[in-house]
Protein chains: 2
Amino acid sequence: MEERVFNFSAGPATLPLPVLEKVQSELLSYPGAGASVMEISHRSKVFAEIHANAKANIAKLLNLSEKHHVLFLQGGASLQFSMLAMNFLQGGTADYVHSGSWATKAMAEAKKIGTVNTAWSGKADNFVRMPKPDELQLTDGAAYVHFTSNETIQGITMFEEPETGDTPLVCDASSDFLSRPLDISKYALLYAGAQKNVGPAGTAVVILRDDMLAKVPEGLPSLLDYKIMADKDSLYNTPSCFIIYIIGEVTRWILDEFGGLEEMAAHNEAKAALVYDLIDESGGYYRGHAAKDSRSKMNIAFRLPSEELEAKFVANAKAAGLDGLKGHRSVGGCRASIYNAMPKAGCEALRDFMAAFQKDNG
Amino acid sequence: MEERVFNFSAGPATLPLPVLEKVQSELLSYPGAGASVMEISHRSKVFAEIHANAKANIAKLLNLSEKHHVLFLQGGASLQFSMLAMNFLQGGTADYVHSGSWATKAMAEAKKIGTVNTAWSGKADNFVRMPKPDELQLTDGAAYVHFTSNETIQGITMFEEPETGDTPLVCDASSDFLSRPLDISKYALLYAGAQKNVGPAGTAVVILRDDMLAKVPEGLPSLLDYKIMADKDSLYNTPSCFIIYIIGEVTRWILDEFGGLEEMAAHNEAKAALVYDLIDESGGYYRGHAAKDSRSKMNIAFRLPSEELEAKFVANAKAAGLDGLKGHRSVGGCRASIYNAMPKAGCEALRDFMAAFQKDNG
């Protein structure tokens with residue numbers, strides 16, 4: 001096997017090596033199936049067990065009650081932007097927290113369906129921070145309040161949920177899903193593209209409170225109808241079986257390796273601190289994009305003194321086995337994505353590389 | 001490794017063993033990436049090449065010109081049922097060939113968006129055959145004519161396309177895509193869920209003629225807008241990268257192993273003949289569902305003299321390493337799906353098993 005690099009890609013992102021090794025060992029013949037997971041019917045007993053395990057792992061990690069459905073839907077978070085509006089916004093107004101690039105996209109899709117109220121916007125400040133819950137201007141009788149818990153591109157996290165009273169709380173948790181504990185009882189709908197923290201691209205994990213199903217209008221396209229997808233347990237049509245299998249393995253890895261989300265969060269905080277401390281101690285050579293109290297533990301966006309140095313940093317890092325550090329074109333600079341599956345050794349290697357690079361290029 | 005069975009599942013379905021072996025060998029580290037294909041950015045140079053290769057293989061097999069786009073879209077064929085109607089049917093009438101279970105589903109989704117004219121229906125005859133092109137009652141000025149080239153559940157194939165003049169021809173080719181040559185220049189839109197003939201579940205291959213893009217209305221959800229998806233070359237959001245990679249490997253396998261679709265079709269015909277000949281020579285013990293001139297080379301639906309014998313047949317076959325032979329609940333009986341990747345040895349083994357079963361249970 002060719003050597004594996006430390007992969008700081010923002011998504012699709014690095015997966016736990018023990019998971020990849022298990023998937024590899026089972027690729028030609030899954031135990032009891034005599035075929036790859038890619039080849040077996042989504043109605044088979046073997047797949048039913050794979051599916052049930054993935055749901056059970058997520059339920060265990062989030063301490064879910066019977067009130068919430070766990071769905072695996074194709075189209076990623078981007079299709080959820082439209083689907084949630086088609087299901088819950090038609091003819092109404094929803095409050096959106098305008099926190100960064102992904103919130104902007106979610107709002108653009110919702111505006112095609114209903115009225116979007118900007119409850120708060122960080123745009124004038126270049127999206128360097130998240131709001132406190134009491135900064136939000138919420139609409140009476142809104143269909144829902146939508147926020148993006150972690151902005152992947154800007155590297156900022158909203159650690160406290162908006163306080164919405166009886167208004168349903170909706171969250172795009174794509175890039176910090178299962179990275180830290182959350183009180184799921186507050187959420188009417190939480191969705192996450194799999195390709196950051198829980199699997200390969202091609203599926204969104206959707207956690208939907210049962211009482212929301214009564215609000216779904218008649219006549220939606222079946223695949224965009226939460227009621228149909230919940231009633232059919234994500235099996236109205238053929239789901240992305242292989243991705244669901246890997247989500248099950250990744251969530252099993254969290255449980256086996258860490259025990260739960262408290263421990264996962266402590267691990268992620270320790271990893272992030274390695275890089276943020278280096279930034280803070282660099283005397284301004286490295287400048288973080290995020291305000292300190294909004295700093296994401298998943299995506300660290302930072303600048304160097306010049307674009308030339310940034311390009312050199314990314315190229316030299318790649319040559320040193322640290323890949324995917326180029327920032328998103330909309331923010332520029334560099335970005336290190338250090339999701340659950342990034343080992344501490346990867347963050348240590350990055351920190352050491354950053355220190356050495358500054359010494360050589362300071 | 002546990003032994004692999006002959007897997008007659010209707011989809012997700014068996015994949016070529018050489019493809020699975022290559023995917024397995026590259027699972028931890030794709031050449032040049034230092035990471036799994038599951039882990040690398042969809043904007044990376046490595047994935048761009050994987051994506052381009054998959055498109056090029058399909059273009060080569062179908063002799064595509066620049067006039068057609070090849071897209072990889074999430075949601076399978078079932079989401080295409082809605083997407084094509086949202087893009088091309090709003091406020092209009094479309095002609096649908098009502099040929100079986102999948103056509104029924106396509107029509108139900110289209111009816112939510114516009115007017116559906118049933119150009120022909122095989123329902124009264126229990127969907128045992130496809131129409132000849134001259135049997136269709138087409139609407140003047142229809143938005144499009146839709147047909148299902150192969151009905152997976154009933155095991156019937158429409159070998160001749162409807163003749164539609166200037167009206168765009170639209171085809172759900174999910175279960176016979178790339179199993180035989182077709183004249184793609186006749187098609188405005190052809191779509192196929194990957195999980196029958198070209199890959200794992202989770203992506204539809206969509207082949208769209210460029211002139212159709214001018215018809216796409218404004219304001220559709222971005223992920224359901226063919227114009228956006230074509231302009232962004234399937235990369236508006238993160239696609240199912242790993243599935244696209246496998247589609248590229250499966251289509252490469254067709255080219256390497258068979259050369260093209262003429263040879264692929266000859267192979268499939270020889271395979272299917274092994275089973276149909278046994279059925280025809282069984283003196284009525286086995287009864288095929290399909291009328292002879294509509295017989296699918298992909299899905300062979302058949303009955304035995306009683307439901308008890310059918311249950312015994314399926315169970316004994318499974319014990320003998322022939323899995324997935326239970327028919328769909330809507331038709332009953334048995335079904336052998338023998339897509340491109342089913343080796344001839346699998347069809348020989350099935351034929352021999354069927355002969356022995358009849359002898360023992362006749």
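Hydrogens, waters and symmetry mates are skipped; everything else that's a heavy atom, side chains included, is used. Just so it is clear, the structure is predicted and the values come from calculations on it, not from any experiment.
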Worksheet item: How long is the gap from CE on B:M38 to CD on A:Q195, to the nearest 0.5 Å?
Response: 13.5 Å

Item to complete: State, yes or no, whether a side-chain contact exists between B:E21 and A:L28 at a heavy-atom distance under 4.5 Å.
Response: yes

Discussion item. For the CG atom of B:L27 and the CG atom of A:L20, what is their distance to the nearest 0.5 Å?
Written reply: 6.0 Å

Practice prompt. Look up atom OG in A:S44 and atom NZ in B:K326, then write down how far apart they are to the nearest 0.5 Å.
Written response: 13.0 Å

Discussion item. When you compare the side chain of B:L79 with that of A:N237, does any pair of heavy atoms fall below 4.5 Å?
Written reply: no

Worksheet entry | When A:G199, A:A108, A:S78 are compared by non-hydrogen pairs under 4.5 Å with chain B, the top option | A:S78

Item to complete: Go through the steps to decide whether B:E39 and A:R4 satisfy the test salt bridge (charged side-chain N to carboxylate O under 4.0 Å, His left out), and finish with yes or no.
Response: CA-CA 11 Å; B:E39 301 176 298; A:R4 280 171 60 83; 2.8 Å; yes

Discussion item. If you count heavy-atom pairs within less than 4.5 Å of chain B, which of A:S41, A:G75, A:G11, A:S36 leads?
Written reply: A:G75

Worksheet, complete the sentence: In this structure, CZ of B:F242 is separated from CD1 of A:I246 (nearest 0.5 Å) by 6.5 Å

Worksheet item: Taking atom OG of B:S240 and atom CD1 of A:I243, what is their separation to the nearest 0.5 Å?
Response: 4.5 Å

Fill in: Top of A:A13, A:S9, A:A35 for chain B proximity - count of heavy-atom pairs under 4.5 angstrom
A:A13

Worksheet, complete the sentence: Looking only at B:P12, B:C241, B:G202, the option with the highest number of non-hydrogen pairs under 4.5 Å against chain A is B:P12

Response to the item:
So CG of A:L223 and CG of B:L224: to nearest 0.5 Å the spacing works out to 10.0 Å

Item to complete: Scan side-chain atoms only and decide if A:S222 and B:K105 contain a donor-acceptor pair under the 3.5 Å cut-off.
Response: no

Discussion item. Quick check against the 3.5 Å criterion: does A:Q74 have a side-chain atom that pairs as donor or acceptor with the backbone of B:Q74?
Written reply: no

Practice prompt. Please say whether more than 12 non-hydrogen atoms of neighbouring residues, nucleotides or ligands are located less than 6.0 Å from CD in B:Q90.
Written response: yes

Worksheet entry | Whether B:E109 side chain and A:P221 backbone form a donor-acceptor pair below 3.5 Å | no

Worksheet item: Who among A:N7, A:L220, A:V23, A:L15 has the most heavy-atom pairs with chain B under 4.5 Å?
Response: A:L15

Practice prompt. Check the surroundings of atom NZ in B:K112: do more than 12 heavy atoms from other residues, nucleotides or ligands lie under 6.0 Å from it?
Written response: yes

Worksheet item: What part of B:Y236 is in contact with chain A, defined as an atom under 4.5 angstrom from a non-hydrogen atom: side chain, backbone, both or neither?
Response: both

